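Here's the structure we're looking at; comments come further down.
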2 protein chains.
Amino acid sequence: MASEEVKQSLKLFIVLSRATKAINEVTYQFIQENNVNPTEFAVLELLYHKGRQPLQKIGNKILLASGSITYVVDKLEKRGYISRILSPSDRRITYAEISPKGSAFMDELFPRHEQQLHELTNGLNVKEKDQAIALLKKLGLSIKDLSY
Amino acid sequence: MASEEVKQSLKLFIVLSRATKAINEVTYQFIQENNVNPTEFAVLELLYHKGRQPLQKIGNKILLASGSITYVVDKLEKRGYISRILSPSDRRITYAEISPKGSAFMDELFPRHEQQLHELTNGLNVKEKDQAIALLKKLGLSIKDLSY
DNA sequence: TATTGTTATACTCTATAACTATA
DNA sequence: TATAGTTATAGAGTATAACAATA
């Protein structure tokens, strides 16, 4: 029989999972209505906010094998949202860079995404959100430190 | 430009996603080392804790189409973890029930799963976990109420 | 030799639609 | 007619391994 503290941890996991799932169901639907999947959105968001990235670096961030990155980047490039740029200094490296069309797409999409998240989380007031942010940040960092 | 409050909501979403992702990476790996995938584990957990369920009800809980449920239940049945039981009162209905072998599997697996979650969340102390549980519960419920 | 990215291939999971049987 | 579950099929997304080009 699990101790009270173990049960509490399980409870935390359950409410964490449910809250995340509830938000993700809405945001995934929103993203997919705009004809990108979560992986593609993640790549676009990365390039939109962080600028051009070597393909391999994208793979590390999104946790995708190199062959799969080629597949995703191909799809986004065919739609004109990103372009490949060869590195002049190291000719093994290819960068992906968001295109004007991709930027325009994200200019339109991202604020609505943010606004939707704002509405979705408004069950908590500003003070509660600050508390939640602090606790979740602490939790997330402590897990990374475990580095399983 | 997004308001401070919208930015705060985005921040909340980011730390929530990161904490969840960090936990899920570890637990998914643990589950897969035991040769079940997350969907199969969810079905086993449901039957283990809630008893026999009509296949359709499983589909509703796990959010899976009927054809996909057949596929998942087939796999678990072939491995001897569950069995199909025909309803005598309504012959359209088939129940899935966890088998002794499936129960033994979960008897072994679930406490380790719980213990792992306990260790993963121990960056927060008991009081902080209670706070986090209350906040996440409130958040999760408020999202469901929006019922997009 | 090691690294980057591509190609070719296979597999897992899921959805959809047509179907059977029961109600 | 409506519901439960199965079958057949197709597709998306991912991983793996072999490869070419470059460092």
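Everything numeric here is computed off the predicted structure, so don't read it as measured data.
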Reckon Arg84(A) has a side-chain N or O less than 4.0 Å from the OP1 or OP2 of dT6(C)?
yes
How about Lys129(B) and Glu5(A): do any of their side-chain heavy atoms sit closer than 4.5 Å?
no
Nucleotides 19-23 of chain D: which of its N/O atoms have a protein N/O under 3.5 Å away?
from: dT22(D); atom 1: OP1; to: Arg91(A); atom 2: NH2; distance (Å): 3.2
from: dA23(D); atom 1: OP1; to: Arg91(A); atom 2: N; distance (Å): 2.8
from: dA23(D); atom 1: O4'; to: Arg92(A); atom 2: NE; distance (Å): 3.4

Is the shortest heavy-atom distance from the side chain of Phe41(B) to the side chain of Glu45(B) under 4.5 Å?
yes
Between Asp74(A) (CG) and dA12(D) (P), how many Å, whole number?
14 Å
Would you indicate whether the side-chain heavy atoms of Ser87(B) and Arg92(B) approach each other to under 4.5 Å?
no
How are the rings of Phe30(B) and His113(B) set relative to one another: parallel (under 30°), tilted (30 to 60°) or perpendicular (over 60°)?
parallel
Between C1' of dT6(C) and CD1 of Ile93(A), the distance in whole Å:
16 Å
By side chain to side chain contact (heavy atoms under 4.5 Å, CB included) - contacts of Leu46(B) (at least two apart)
Lys50(B), Gln53(B), Ile58(B), Lys61(B)
Distance below 4.0 Å between Asn37(B) side-chain N/O and dT12(C) OP1 or OP2:
no
Calculate the interatomic distance between Tyr28(A) atom OH and dT14(C) atom P; express it in whole Å.
14 Å
Rounded to whole Å, please give me the gap between CG in Leu86(B) and P in dT3(D).
21 Å
Checking all strands, does Lys75(A) fall into the base, sugar-phosphate, or nothing category for heavy-atom contacts under 4.0 angstrom?
sugar-phosphate
Can Gln8(B) and Glu4(B) be said to form a side-chain hydrogen bond (donor to acceptor under 3.5 Å, both in side chains), step by step?
CA-CA 6 Å; Gln8(B) 185 197 31; Glu4(B) 286 307 313; over 6 Å; no
Rounded to whole Å, please give me the gap between CD in Gln53(A) and C1' in dG5(C).
16 Å
Mind checking whether Tyr48(A) and Phe110(A) have parallel, tilted or perpendicular rings, split at 30° and 60°?
tilted
Residues from residues 60-71 of chain B lying under 4.0 Å of DNA chain D - heavy atoms:
Ser66(B), Gly67(B), Thr70(B)
Rounded distance in Å - CZ (Phe41(A)) to P (dG13(D))
16 Å
When you look at CZ of Arg18(A), are more than 12 heavy atoms from neighbouring residues, nucleotides or ligands closer to it than 6.0 Å?
no
dT14(D), OP1 or OP2 - any side-chain N/O from Thr39(A) closer than 4.0 Å?
yes
Step-by-step salt bridge (Lys or Arg N to Asp or Glu O under 4.0 Å) determination, Arg84(A) to Asp74(A):
CA-CA 9 Å; Arg84(A) 282 181 165 88; Asp74(A) 278 353; 3.0 Å; yes
To the nearest angstrom, how far is Gln56(B) atom CD from dA2(D) atom C1'?
11 Å
Figure out the NZ/P separation between Lys78(B) and dT12(C), and round it to whole Å.
12 Å
